[in-house]
Amino acid sequence: MIKMTGISKSFSSNQVLKNVQFSLGKGEIHALMGENGAGKSTLMKIMAGIYSRDSGTVEVKGEPVEFTSPKQAEEAGISVIHQELNILPYLSIAENLFLGREETFGRTGILKTKEMEKKTQKILADLGLDIDPASPASTLSVGKQQIVEIAKALSVDAEVIIMDEPTAALTDREIDTLFATIRQLQKQGVSFIYISHRMEEIFSLCDRITILRDGEYVGERKISETSFEEIVQMMVGRELGERFPERKSAIGEVKLAVKGLSRKDCFENVSFELRKGEILSIAGLMGAGRTEVVQSLFGYKKLDGGTIEFDGLPIKIDSPKKAKEIGIGYVTEDRKSEGLIVDFTVEENVSMTNFSAISKNGLISKKKERTLYDDMVKRLGIRTSGPEQSAKSLSGGNQQKVVIAKWLGIEPELLILDEPTRGVDVGAKKEIYSIINELAERGVAILMISSELPEVIGMADRVLVMHEGKVTADLPKNEMTQERIMHFATGGGNIAVKEK
Ligand SMILES: Nc1ncnc2c1ncn2[C@@H]1O[C@H](COP(=O)(O)OP(=O)(O)OP(=O)(O)O)[C@@H](O)[C@H]1O
Ligand SMILES: [Mg+2]
């Protein structure tokens, strides 16, 4: 279906692809892996006519092509789900789905709104999403927006579908539905290029894998003939060792105790305790109320009932300002709109929350700012062309690393992390885990939401499982298994629930 050879690409003086090759067979699901900034998205954008290449050839079904716009690629049967969501918040869901190819009555230009909404509803229902297609896209969570993106690509009858981290904001149930859809289309002869940092997905879904490192082609393997270790080795060029670093934190006294927290139509009667030096994870499916609970703890959303104690004292958290004052930090799941100022440089983003580290007598020291930047870049392995690069042009995973660099300097007493490793490569994930562990060892209480169960099990001391707004289990480390967590997350009973 596709053959790319000798592809090179530079952004000004920064060469990001060097003589890369890639080929895709008909009906194949081909994984593309590599560390953050390895060049995966760039290669796919060249394929899709969004970026031009400096050299090399691209063939589609044996014919050389020169796409100069995404429209041309689409006409050749290639459809892309981009890593960064392209949903327009003020348009309805149906309008988003049919953007640029609206259906009209003849040549009158009058939109067939009802019909497009009906089609949208059907496509989304197939993906397990029951929402009103006429409502504005801004009402959707990040995860649901991602499903709309996927629906958009599926609705154009493509022969090749490129998925650039389609599951980053999805939970296991949605992923299952997506995979079932992919497999069904594969049977009909559709080919897929699949980019993900989740190793489990690659092994369960894909037939072949191509690996990039630092903009270079490293190799290609059949999935049935390779292993987790080999892929990691090819990606990072070294042994990585244990996936989850060891932690030696002493769990201290109760930092946060919440009782009977409720918010109408979001969650009810949520109670738990979180101790100093402890990592508590909240697991659950999308819509279980996890994000809403932590948003209430941070003062973003009002509570209808319940009490909060911080260091043993009752407290009301009615604004994020108040939350920060008492020492709560919050890393949101939506890095694009809340985590980063995309038009600022990487250096500015890092220093923004770290004024005490970079200022002297109220003045910013350029030298200190650069030292902080250098330190963060080194620690997190952030790949930039320099401190002046705009946050917007960083690769997706590197943007996430910058968000993390921002809260590292704050050193809160309680840190809330919502999907901290979304879209981050294996090496950097381990680095982030080490940082979380380090904070816990220093006595910070950590509340982590994660949809990746291996991560929950590898990192958390306890897991709180939620289903439809209620806590269904509170499991200690030795009782956590993927099956058990899924059981409670899907509303299962019977296994003795540990009452709090
Ligand atoms: N528009 C751009 N302008 C300047 N540099 C860019 C631009 N787009 C990408 N880059 C740079 O190209 C390199 C490769 O980025 P790319 O987005 O292809 O990485 P990736 O493999 O998709 O990473 P990730 O896993 O984080 O998504 C990065 O160093 C990035 O900073
Ligand atoms: Mg990318």
Side-chain angles (χ1 to χ4, degrees), residues 4 7-20 22 30-54 56 70 80-86 146 149 162-169 193-199 201-202 209-218 231-232 234-237 335-336 339-340 342-347 349-350 373 377 380-405 419-432 452:
M4 304 177 88
I7 305 288
S8 295
K9 172 78 183 170
S10 298
F11 291 106
S12 50
S13 64
N14 184 15
Q15 187 169 9
V16 300
L17 290 175
K18 298 158 204 153
N19 194 23
V20 171
F22 180 82
H30 196 128
L32 185 58
M33 275 192 106
E35 290 185 284
N36 297 132
K40 304 176 297 292
S41 298
T42 305
L43 186 67
M44 291 302 109
K45 284 179 183 165
I46 289 173
M47 178 73 245
I50 296 163
Y51 289 158
S52 62
R53 56 186 186 269
D54 299 338
V80 193
I81 299 167
H82 288 289
Q83 183 172 16
E84 300 305 328
L85 301 176
N86 289 309
Q146 202 163 33
E149 280 282 358
I162 300 171
M163 297 188 163
D164 196 346
E165 289 192 51
T167 57
I193 302 173
Y194 192 85
I195 301 179
S196 172
H197 288 291
R198 297 180 171 186
M199 208 64 91
E201 293 183 356
I202 303 294
I209 178 166
T210 290
I211 288 152
L212 299 183
R213 182 166 76 232
D214 281 335
E216 291 182 60
Y217 169 84
V218 182
I231 292 175
V232 171
M234 288 169 85
M235 271 195 315
V236 301
R335 66 170 168 252
K336 213 172 171 187
L340 278 184
V342 290
D343 290 322
F344 280 26
T345 68
V346 176
E347 185 175 43
N349 266 287
V350 172
Y373 165 86
V377 163
L380 290 164
I382 304 174
R383 210 157 297 180
T384 71
S385 57
E388 305 296 336
Q389 184 171 1
S390 75
K392 180 167 53 193
S393 68
L394 285 183
S395 80
N398 281 304
Q399 290 184 1
Q400 179 68 11
K401 292 184 195 172
V402 173
V403 174
I404 284 157
E419 306 285 0
T421 66
R422 171 182 296 165
V424 169
D425 66 53
V426 273
K429 263 187 186 154
K430 189 165 172 184
E431 200 56 48
I432 291 172
E452 268 189 80

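Atoms within a ligand are numbered from 1 in the order they appear, just like the ligands themselves. FYI, the numbering just counts along the sequence from 1.
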(request) Identify, by atom number and element, the atoms of ligand 1 in contact range of Val16, meaning under 4.0 Å from any of its heavy atoms. (result) 11 (C), 12 (O), 13 (C)

(message) Using modelled atom types and a 3.5 Å cut-off, is there a donor and acceptor pairing between side-chain atoms of Ser8 and backbone atoms of Asn19?
(response) yes

(message) Can a side-chain donor-acceptor contact be found between Gln389 and Thr384 if the only test is distance below 3.5 angstrom?
(response) no

(request) Indicate the atoms forming the closest heavy-atom contact of Asn36 with Asp425, along with that distance. (result) N-OD2, 2.6 Å

(message) Taking only non-hydrogen atoms of Gln400, do any sit less than 4.0 angstrom from ligand 1?
(response) no

(message) Can you tell me if Glu35 contacts ligand 1 (heavy atom of the residue under 4.0 Å from the ligand)?
(response) yes

(message) Looking at Asp214 and Arg383, is there a salt bridge between them, counting it only when a charged N and a carboxylate O are closer than 4.0 Å?
(response) yes

(message) Please determine whether any non-hydrogen atom of Gly34 lies less than 4.0 Å from an atom of ligand 1.
(response) no

(message) Looking only at protein heavy atoms, which one is nearest to atom 17 (O) of ligand 1, and what is the separation?
(response) Ser395 CB, 3.3 Å

(request) For ligand 1, find out whether one of its N or O atoms is nearer than 3.5 Å to an N or O atom of Arg383. (result) no

(message) Return the closest protein heavy atom for atom 30 (C) of ligand 1 as residue, atom name and distance.
(response) Ser393 O, 3.8 Å

(request) Assess whether side chain to side chain contact (heavy atoms under 4.5 Å, CB included) is satisfied between Thr167 and Tyr194, documenting all intermediate values. (result) CA-CA 10 Å; Thr167 57; Tyr194 192 85; 3.4 Å; yes

(request) Indicate yes or no for a side-chain donor-acceptor contact from Lys40 to the backbone of Met33 under 3.5 Å, with no hydrogens or angles considered. (result) no

(message) Under 2.8 Å from the Mg ion (ligand 2), can any N, O or S atom of Ser395 be found?
(response) no

(message) Does ligand 1 come near enough to Gly397 that some N or O of the ligand is less than 3.5 Å from an N or O of the residue?
(response) yes

(request) Provide, to 0.1 Å, the distance between atom 18 (O) of ligand 1 and the closest protein heavy atom, together with that atom's residue and name. (result) Thr42 OG1, 2.6 Å

(message) With respect to Ala38, determine whether any N or O atom, backbone or side chain, lies less than 3.5 Å from an N or O atom of ligand 1.
(response) yes

(message) So if I count the atoms of ligand 1 from 1 in the order they appear, which ones are less than 4.0 Å from some heavy atom of Gly37?
(response) 13 (C), 14 (C), 19 (O), 20 (P), 21 (O), 23 (O), 24 (P), 26 (O)

(message) At less than 4.0 angstrom from any non-hydrogen atom of Gly396, what atoms of ligand 1 do you find?
(response) 26 (O), 27 (O)

(request) Please could you name the atoms of ligand 1 that Gln389 approaches to less than 4.0 Å, counting only its heavy atoms? (result) 5 (N), 31 (O)

(request) Using a strict cut-off of less than 4.0 Å between a Lys/Arg side-chain nitrogen and an Asp/Glu carboxylate oxygen, indicate whether Glu431 and Lys401 qualify as a salt bridge. (result) no

(message) Whether the side chain of Gln399 engages the backbone of Ala391 through a donor-acceptor N/O pair (distance < 3.5 Å, no angle test) should be reported.
(response) yes

(request) Compare every heavy atom of Val236 with every heavy atom of Arg213, then report the nearest pair and how far apart it is. (result) CD-C, 4.1 Å

(message) Looking at Thr345 and Glu388, would you say the former's side chain and the latter's main chain have a donor-acceptor pair under 3.5 Å?
(response) no

(request) Just need the protein heavy atom nearest to atom 27 (O) of ligand 1, so name the residue and atom and give the distance. (result) Gln83 NE2, 2.8 Å

(request) Kindly say whether Leu17 contributes a backbone atom to a donor-acceptor pair with the side chain of Gln15 at under 3.5 angstrom? (result) yes

(message) Taking 4.0 angstrom as the limit and counting only heavy atoms of Tyr51, give me the atoms of ligand 1 inside it, by number and element.
(response) 1 (N), 8 (N)

(request) Return yes or no for this condition: an N or O of Gly39 is under 3.5 Å from an N or O of ligand 1. (result) yes

